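These numbers were taken from a predicted model, which means no experiment stands behind them.
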Amino acid sequence: MAAKKDSLKQYRTRRDFTASPEPKGKKPKKTTRPIFVIHKHKARGLHYDFRIAVGGVLKSWAVPKGPSVNPRNKRLAIPTDDHPMEYAKFEGTIPEGEYGAGTVMVWDSGMFKNVKKRGGKLVPIKQCVKDGTIEIFLKGKKLQGAYALYKTGKPGDERWLLIKMCDEHAHARKNPVSTQTKSALTGRTMSEIKRGVKKKGKKK
Ligand code: MN
């Protein structure tokens, strides 16, 4: 097998770690705990970054409207650079002029379980990413239940959709993105993170 290329190169190239508090991260990890994290990111436009651990890195999508718990809502998810695993605990403010400048909150985090089956067999998560058909069960602090990420569109103009799958955790009217606005990691609001208010007595 050819030497695995460092999929974090693009992530590092875009950033100046002497100016940004974001983690530089190490090489992609050999073993990966199946964690997910959703960052709320107030950059030029507010969006949510949906990240899942696959192959030692955080595979990432920018979701302008954030996740929905209503299976009728298909949320656009634009693939972005792989992020290092260390990014899962990052919360803070990226200074003006730096890539992604703005405030970053850990809006939700937890574990996920791959539930994508074909012919009765579980499809490895790496293959799901390649196929553009990801189905995972989230066990987060805010989000629970099965979510799908499907690749659509033509090659070269690919876009993904993030969709809540039908299960007992689906809900037609709830909208956690607008009602649950504090950090899952520190309990802080966006403005408290921006102002650098200390963490609210929560364990890391
Ligand atoms: Mn972002």
Is Gln144 close to Lys139 at the side-chain level, that is, under 4.5 Å between some pair of heavy atoms? no

Determine yes or no for a side-chain-to-main-chain donor-acceptor pair under 3.5 angstrom, with Arg75 supplying the side chain and Gly66 the backbone. yes

Are more than 12 heavy atoms from other residues, nucleotides or ligands located less than 6.0 Å from atom NZ of Lys142? yes

Can a donor-acceptor pair be found between the side chains of Thr152 and Glu158 at a distance below 3.5 Å? no

Shared hydrophobic cluster for Leu185 and Ile193 (ILVMFWY, side-chain gaps under 4.5 Å): no

Check whether Asp167 reaches the backbone of Gly145 with its side chain - one donor and one acceptor, N or O, closer than 3.5 Å. no

Check the hydrophobic clustering (I, L, V, M, F, W, Y; side-chain heavy atoms under 4.5 Å; chains of links allowed) and say if Val106 and Phe50 are grouped together. no

Salt bridge (Lys or Arg N to Asp or Glu O under 4.0 Å), that's the test. Do Asp131 and Arg118 meet it? Break it down for me. CA-CA 12 Å; Asp131 294 345; Arg118 197 176 293 135; 3.0 Å; yes

Could you walk me through whether Leu76 and Arg159 pass side chain to side chain contact (heavy atoms under 4.5 Å, CB included), step by step? CA-CA 7 Å; Leu76 177 65; Arg159 52 195 60 209; 3.9 Å; yes

If you measure only the distance, is there a donor-acceptor pair under 3.5 Å linking the side chains of His47 and Asp49? yes

Closer than 4.0 angstrom, basic N to acidic O: yes or no for Lys117 and Glu135? no

Same cluster or not: Ile163 versus Leu138, using hydrophobic residues (I, L, V, M, F, W, Y) connected whenever any side-chain heavy atoms lie under 4.5 Å apart? no

To the closest 0.5 Å, what do you measure between NZ (Lys141) and CH2 (Trp107)? 12.5 Å

With the side chain counted from C-beta on, respond yes when Pro64 and Ile78 share a heavy-atom pair under 4.5 Å apart, and no when they do not. yes

Where the side chain of Lys24 meets the backbone of Arg12, is there a donor-acceptor pair that is under 3.5 Å apart? no

Shortest non-hydrogen pair, Pro95 vs Ala101, comes out as O-CB, 3.3 Å

Can you list everything that forms a ring pair (Phe, Tyr, Trp, His ring centres under 6.0 Å) with Phe90? Sequence neighbours excluded, please. Tyr87

Stepwise side chain to side chain contact (heavy atoms under 4.5 Å, CB included) check, Val129 with Lys59: CA-CA 9 Å; Val129 174; Lys59 286 277 161 201; 4.1 Å; yes

For the pair Glu91 and Arg188, evaluate salt bridge (Lys or Arg N to Asp or Glu O under 4.0 Å) and give the outcome as yes or no after the intermediate values. CA-CA 10 Å; Glu91 196 168 85; Arg188 295 180 297 174; 2.9 Å; yes

Closest non-hydrogen atoms of Val177 and Pro67, given as atom of the first, atom of the second and distance, are CG2-O, 3.4 Å

Donor-acceptor under 3.5 Å (His39 side chain, His41 main chain): no

With hydrophobic residues grouped by side-chain heavy-atom distances under 4.5 Å, do Val37 and Phe112 end up in a single group? no

Quick one, Leu46 and Lys40 - any side-chain contact, counting heavy atoms below 4.5 Å? yes

With a 4.5 Å cut-off on side-chain heavy atoms, are Thr32 and Met85 touching? yes

Side-chain heavy atoms under 4.5 angstrom apart, residues restricted to Ile, Leu, Val, Met, Phe, Trp, Tyr: same cluster for Ile52 and Tyr11? no

For atom NZ of Lys151, is the number of surrounding heavy atoms from other residues, nucleotides or ligands below 6.0 Å larger than 12? yes

Chi angles and distances behind the side chain to side chain contact (heavy atoms under 4.5 Å, CB included) call for Leu58, Phe36: CA-CA 8 Å; Leu58 292 170; Phe36 82 94; over 6 Å; no

Does some side-chain heavy atom of Asp82 sit less than 4.5 Å from a side-chain heavy atom of Ser60? no

Ser20/Arg15 under side chain to side chain donor-acceptor pair (under 3.5 Å): CA gap, chis, key distance, verdict: CA-CA 7 Å; Ser20 173; Arg15 288 169 177 80; 5.6 Å; no

Between Thr18 and Asp16, is the side chain to side chain donor-acceptor pair (under 3.5 Å) condition met? List the steps. CA-CA 5 Å; Thr18 61; Asp16 173 2; 2.6 Å; yes

Would you say the side chain of Gln10 lies within less than 4.5 Å of the side chain of Arg14, judging by non-hydrogen atoms? yes

Compute the centroid of each ring, for His169 and then for Tyr147, and state whether the two points are separated by less than 6.0 Å. no

Worked check of side chain to side chain contact (heavy atoms under 4.5 Å, CB included) between Trp61 and Leu149: CA-CA 10 Å; Trp61 293 261; Leu149 274 157; 3.9 Å; yes

Could you tell me if the side chain of Val57 sits less than 4.5 Å from the side chain of Pro84, heavy atoms only? no

Could you check whether any side-chain heavy atom of Ile134 comes within less than 4.5 Å of a side-chain heavy atom of Lys116, counting everything from C-beta outward? no

To the nearest 0.5 Å, how far apart are CG in Asn114 and CD1 in Ile125? 4.0 Å

Compute the centroid of each ring, for Trp160 and then for Tyr150, and state whether the two points are separated by less than 6.0 Å. no

Which value, rounded to the nearest 0.5 Å, describes the distance between Ser183 atom OG and Glu192 atom CD? 10.0 Å

